[in-house]
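I have placed the structure first, in the form of structure tokens, so that the comments after it can refer back to it.
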Amino acid sequence: MSALPTFNDPDALARDLPGAALLGADPAPVQLEDAAALLAEHYGLHGDLSPLTGERDANFLLKTANGQHCMLKISHPLETPLVADFQTQALLHLARHAPALPVQRLVPTLSGQPSLTVHLPHTIAPRVMRVFSYLEGLPMPQAPRSEAQRLNVARSLAALDSAMAGLQHPAGDEDLPWDIQQAHRARGLLQTVADPARRALALSALADFESETLPRLQALPRQPIHNDFNLYNLLVDPAEPERMAGILDLGDMVLAPRINDLAVAASYQLSEAGDALPALCSFVAAYHSVAPLSSAELTVLPALVRARLAMVVAISGWRAARQPHNADYLLRNNAISWARLSSVAGWTDTAVVAALHQACGLSPQREETPPVLPTTTDTTALLARRAHLLGPAYRLFYEEPLHLVRGEGVWLHDAQGKRYLDAYNNVASVGHSHPHVVEAIARQASTLNTHTRYLHAGIVDYAERLLAHMPTALGHAMFTCSGSEANDLALRIARAHTGAQGLIITRYAYHGVTAALAEASPSLGALMRLGNTVRTVPAPQAAGHDTVEVGRHFAQGVRAAIAEMAAAGIRPAALLVDTVFSSDGVYTHPAGFLQEAVQAVRDAGGLFIADEVQPGFGRTGEAFWGFERHRLVPDIVTLGKPMGNGHPVAGIAVQPEVLAAFAATCRYFNTFGGNPVSMAAASAVLDVIEREGLQANALAAGSHLRERLSALRQRHPQVGEVRGAGLFIGVALVQPDAAGPPPATLATRVVNALRQHGVLLSATGPAADTLKIRPPLVFQREHADLLVDTLDRVLSNPALHHPA
Ligand SMILES: Cc1ncc(COP(=O)(O)O)c(C=O)c1O
């Protein structure tokens with residue numbers, strides 16, 4: 001570590017601390033008459049204007065002639081418009097998703113904008129101007145305090161955090177002031193603390209934070225947080241002072257572990273009287289009653305409280321050193337902060353953590369497990385090692401490959417701590433790291449894992465549950481480790497039953513990696529040769545929207561393939577289709593169009609194999625399986641991807657008379673397929689789909705998402721047909737005029753730009769010109785809104801539309 005800078009150069013003390021320029025900035029006042037003129041011009045508002053105090057921004061109170069009050073805020077020139085927009089978007093998000101929370105509302109400009117950028121005389125940088133509704137209420141420090149009030153503070157924070165969890169904004173990735181994640185970098189500021197005992201106290205809190213707590217934060221749920229729930233930012237009802245009447249000031253928002261917000265709030269709730277622990281416990285338990293905390297979050301809380309308090313004394317001491325004339329004001333809360341810090345410094349963390357668990361009714365047993373951390377955060381080095389060790393056949397998504405280290409629900413997190421909305425991964429269908437599935441896998445793995453040549457109830461119980469979701473004709477289930485193996489097995493069974501070899505697939509199909517299936521997966525690329533007995537048919541596209549017409553068109557292709565096979569002396573064993581035609585570009589409608597083609601192949605002696613690896617397990621919302629939407633009963637159904645939420649489990653359901661010939665000539669054993677751990681995972685996935693109503697959610701969230709995507713067409717002519725069912729959606733991009741890029745180029749740019757904006761999806765179809773959206777089934781309306789708003793923003797960027 002470099003030597004600490006000396007105290008006679010206060011600015012140098014802060015050189016390690018991100019956001020220090022803003023923390024140390026002098027206020028940038030705005031003349032009253034300039035503010036009044038801006039209000040009149042952009043808001044049509046007039047009245048009595050008076051300045052309000054503010055740490056950085058220029059704030060004013062406006063009383064209009066008709067008695068209306070509102071607040072004008074003009075951001076500090078050092079705060080970038082992007083960061084101000086983070087706060088603006090948070091307020092808009094809260095108004096939409098948590099209208100009952102007492103936060104300020106934005107008053108729109110005369111042209112309907114939530115904010116505007118202004119250039120003021122004598123300032124070079126643009127400043128962001130916003131007008132807020134005025135919240136009536138008594139600032140909490142002026143109100144009588146009570147336990148009921150304290151608990152309401154915790155509950156309000158929990159409600160606020162829950163509402164903010166769905167907010168995504170690029171400014172979250174900026175280095176912002178007051179972020180506890182940077183607490184250790186405030187170390188230099190403590191040079192301004194004259195008392196060596198105090199300095200040592202704060203330094204030790206920061207050192208412990210850096211070595212013990214910081215590495216653990218990476219594994220905790222992150223989201224935008226308020227980050228300054230101090231008493232001056234809270235208003236209460238003067239008539240009922242235990243009731244919260246206002247939550248002010250989103251000016252210190254950051255993207256951080258959610259628990260940091262609670263640590264900040266708790267640090268202001270500790271009494272100085274030495275009974276800090278009971279106060280902390282009741283405060284945390286009240287938060288937990290609204291927004292349940294995990295054991296891992298509780299474990300880091302004491303250290304976070306200490307780090308925050310150390311940050312407070314470091315920053316206030318440093319500010320006072322920079323502005324000695326203002327020291328009294330800047331240090332007004334210093335004594336209480338030091339008192340709190342020395343009180344919490346005396347805690348024994350194991351005892352505090354145990355007390356917190358008890359207060360929340362949580363068992364600490366799982367928290368002893370060390371968090372799974374990335375083995376490296378050096379993404380560039382990892383890329384090079386990967387290429388060296390895995391060789392050239394592997395491919396990565398994105399121009400800037402993504403190094404993911406953690407997921408929960410619909411969110412994925414990269415090694416740098418950035419969070420992404422996952423709108424792509426249908427494998428983690430009940431949500432990343434779903435605790436019920438994780439627990440089921442862990443429990444079974446710690447009990448027994450063998451294979452299917454021993455009797456075990458797990459496989460039989462699961463087969464029973466799975467087949468209960470199938471048409472009764474499908475009476476047997478068999479298990480594999482991948483969708484490819486499932487299709488391979490289905491093909492062998494179909495060939496054994498029919499005595500024929502021919503296989504009909506769609507023109508841009510993907511069915512797997514085995515030798516037999518790679519030859520039946522033209523989407524692997526033009527260099528991949530089709531098998532001698534494989535024939536392709538055009539996907540059911542461009543044939544209108546009438547079921548009979550689309551069905552006839554598709555069936556004609558199947559009949560032509562059968563005729564072509566006959567000419568080569570081949571009989572069809574099966575028609576194998578992905579029932580949402582995902583790699584062909586997503587073709588789901590009109591439901592029922594598959595019937596005629598299936599009849600055609602059966603008339604020629606072949607079977608119908610429904611590949612449900614993509615659409616199965618409730619994704620289409622309308623039905624549990626894609627084939628059900630077409631009112632068909634397949635001879636064989638193949639399953640995979642979402643079946644174990646990421647655990648490698650797959651399989652088939654088959655009609656008993658279809659299986660008979662295969663079984664008569666061949667035994668079936670798959671070392672890992674159907675093992676007790678896999679069956680526990682698959683069974684837990686069914687539990688979650690059923691308990692959490694995920695099929696119904698796919699229907700509701702999916703139709704909202706399709707509606708909003710379709711509406712984008714009015715703003716962006718490059719958005720073409722929006723296809724799909726439930727949460728399997730394809731958005732075709734088009735080239736409305738010759739000035740823009742071809743659709744495939746645009747799709748690549750959109751996919752990469754969305755990744756930079758924290759939303760993950762991909763492109764599909766023969767030309768890769770269709771956006772492919774198939775998020776975990778726990779995707780909600782608010783996630784759909786975030787996806788569409790981000791897509792809207794990305795498509796509005798002219799840089800995306802230059803010709804190729
Ligand atoms: C429709 C379809 N079938 C089969 C497979 C093969 O599944 P797996 O990768 O598990 O072998 C895939 C994989 O993407 C698929 O999309």
Side-chain angles (χ1 to χ4, degrees), residues 393-397 424-429 478-494 503-525 528 531 534 536-537 539-540 574-588 594 608-620 625-627 629-630 634 636-653 670-674 678 681-682 685 724-730 761-766 768 770 772-776:
Y394 278 95
R395 306 285 193 277
L396 284 162
F397 284 155
Y424 181 69
N425 288 290
N426 59 340
V427 170
S429 131
M478 296 169 76
F479 298 102
T480 63
C481 306
S482 70
S484 303
E485 283 184 3
N487 278 331
D488 199 87
L489 177 61
L491 194 53
R492 290 173 66 201
I493 291 172
L503 180 64
I504 303 170
I505 54 164
T506 50
R507 196 150 284 167
Y508 209 67
Y510 181 74
H511 292 293
V513 293
T514 67
L517 288 163
E519 289 185 350
S521 293
S523 74
L524 283 173
M528 189 69 224
V534 179
T536 63
V537 298
L575 166 69
L576 168 64
V577 294
D578 163 355
T579 58
V580 291
F581 300 88
S582 50
S583 53
D584 286 288
V586 187
Y587 292 97
T588 49
L594 263 180
F608 168 46
I609 306 174
D611 183 335
E612 291 289 334
V613 168
Q614 295 271 358
F617 294 94
R619 175 157 294 276
T620 64
W625 309 111
F627 65 78
R629 297 180 58 249
H630 290 280
I636 310 176
V637 178
T638 61
L639 311 167
K641 291 192 189 285
M643 191 167 169
N645 210 46
H647 180 91
V649 52
I652 68 167
N670 183 325
T671 303
F672 302 120
S678 299
V685 167
L727 282 172
F728 210 121
I729 297 174
L761 44 77
S762 181
T764 185
T770 299
K772 177 159 71 164
I773 303 174
R774 34 158 225 200

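Order of appearance sets the numbers: ligands from 1, and atoms from 1 within every ligand. Because the structure is predicted, anything quoted here is derived from the model rather than measured.
Interface of Ser482 with ligand 1, defined as ligand atoms under 4.0 Å from a residue heavy atom, comprises 10 (O), 11 (O). Of all the atoms in ligand 1, the ones that sit under 4.0 Å from a non-hydrogen atom of Asn487 are 3 (N), 4 (C).
Given atom 16 (O) of ligand 1, the protein heavy atom at minimum distance is Gln614 NE2, 2.7 Å. Protein heavy atom in closest approach to atom 3 (N) of ligand 1: Asp611 OD2, 2.7 Å.
Ring pair Tyr424/Phe397: centre-to-centre distance below 6.0 Å.
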For Glu485 and Thr514, what are the C-alpha separation, side-chain angles and deciding distance, and is it a side chain to side chain donor-acceptor pair (under 3.5 Å)?
CA-CA 7 Å; Glu485 283 184 3; Thr514 67; over 6 Å; no
Go through the steps for Asn670 and Thr480 under the test side chain to side chain donor-acceptor pair (under 3.5 Å), then give the verdict.
CA-CA 7 Å; Asn670 183 325; Thr480 63; 5.3 Å; no
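By the 4.5 Å heavy-atom criterion applied to side chains, Thr588 and Phe728 are not counted as neighbours. Side-chain contact between Met643 and Val685 is absent, with no heavy atoms from C-beta onward closer than 4.5 Å. Within the 4.5 Å cutoff, side-chain heavy atoms of Met478 are placed close to those of Ile493.
Backbone and side-chain nitrogen or oxygen atoms of Gly483 are examined, and one is located within less than 3.5 angstrom of a nitrogen or oxygen of ligand 1. In terms of polar-atom proximity, defined here as any N/O pair under 3.5 Å, Ser484 does make such a contact with ligand 1.
At a 4.0 Å cut-off, at least one heavy atom of Lys641 sits close enough to ligand 1 to count as contact.
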